[in-house]
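Along the sequence shown, residues are numbered consecutively beginning with 1.
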Amino acid sequence: MIPTISTIPTTATHAPLTLGKYRIAASPRLLPGGLFAAQVSIASGQGSASTARVMRFDSAFATHAAAADYGLAQGIDWVHDAARQSARPN
């Protein structure tokens, strides 16, 4: 039997964060050549009233953890911007 080796480290997972009504989860993806692309999912609500958005970024990162950190940071920034927008008077 030939053992398989995963190219994505399983020890470098980032748990989803919850900020207010939003759940932020990074999900880096492996690019050809061994680099990683950052992406983040931002979800809110439950059941049929739920919404989700996924943001993908063009930058390439050397490690899975670096791509995950970048994705989480971008997700947190998006949530903070959304909170500022909703708090602003019309």
Side-chain angles (χ1 to χ4, degrees):
M1 183 165 96
I2 299 173
T4 59
I5 299 172
S6 173
T7 57
I8 300 175
T10 56
T11 57
T13 59
H14 287 72
L17 301 174
T18 301
L19 289 177
K21 65 179 184 175
Y22 298 101
R23 180 180 171 274
I24 306 166
S27 54
R29 60 187 169 84
L30 183 62
L31 297 172
L35 296 175
F36 294 87
Q39 59 185 33
V40 65
S41 168
I42 303 169
S44 65
Q46 291 183 352
S48 62
S50 66
T51 60
R53 63 202 38 80
V54 175
M55 292 185 282
R56 294 176 181 88
F57 305 98
D58 290 335
S59 300
F61 297 87
T63 66
H64 184 270
D69 289 343
Y70 183 83
L72 285 175
Q74 294 302 308
I76 291 167
D77 285 348
W78 186 93
V79 168
H80 288 161
D81 287 345
R84 279 191 291 273
Q85 291 292 328
S86 66
R88 228 199 297 163
N90 291 334

Which heavy atom of P28 sits nearest to which heavy atom of A26, and what is that distance? CD-C, 3.7 Å
Holding to side-chain contact (heavy atoms from CB on, under 4.5 Å), I want the full list of residues that pass it with A82, two or more places apart in sequence or in another chain. Y22, W78
Students should find that the hydrophobic cluster of L35, defined by side-chain heavy atoms under 4.5 Å apart, otherwise consists of L31
Can you tell me which residue pairs pass the ring pair (Phe, Tyr, Trp, His ring centres under 6.0 Å) test with a partner in residues 37-57, sequence neighbours excluded? F57-Y70
CD1-CD distance between I24 and Q74, expressed to the nearest 0.5 angstrom: 11.0 Å
Can you tell me how far apart NE2 (H64) and CG (L30) are? Round to the nearest 0.5 Å. 9.0 Å
Please tabulate, one pair per line, all N/O donor-acceptor pairs under 3.5 Å involving side-chain atoms of residues 36-47, not counting sequence neighbours.
residue	atom	partner	partner atom	Å
Q39	OE1	R29	NE	3.4
Q39	OE1	R56	NE	3.4
Q39	NE2	S27	O	3.2
Q39	NE2	S27	OG	3.4
S44	OG	T51	OG1	3.0

Group every Ile, Leu, Val, Met, Phe, Trp and Tyr by side-chain heavy-atom contacts under 4.5 Å, then state whether V54 and L72 land in the same group. no
Under the salt bridge (Lys or Arg N to Asp or Glu O under 4.0 Å) rule, what pairs show up with a residue in residues 62-85, not counting sequence neighbours? D81-R84
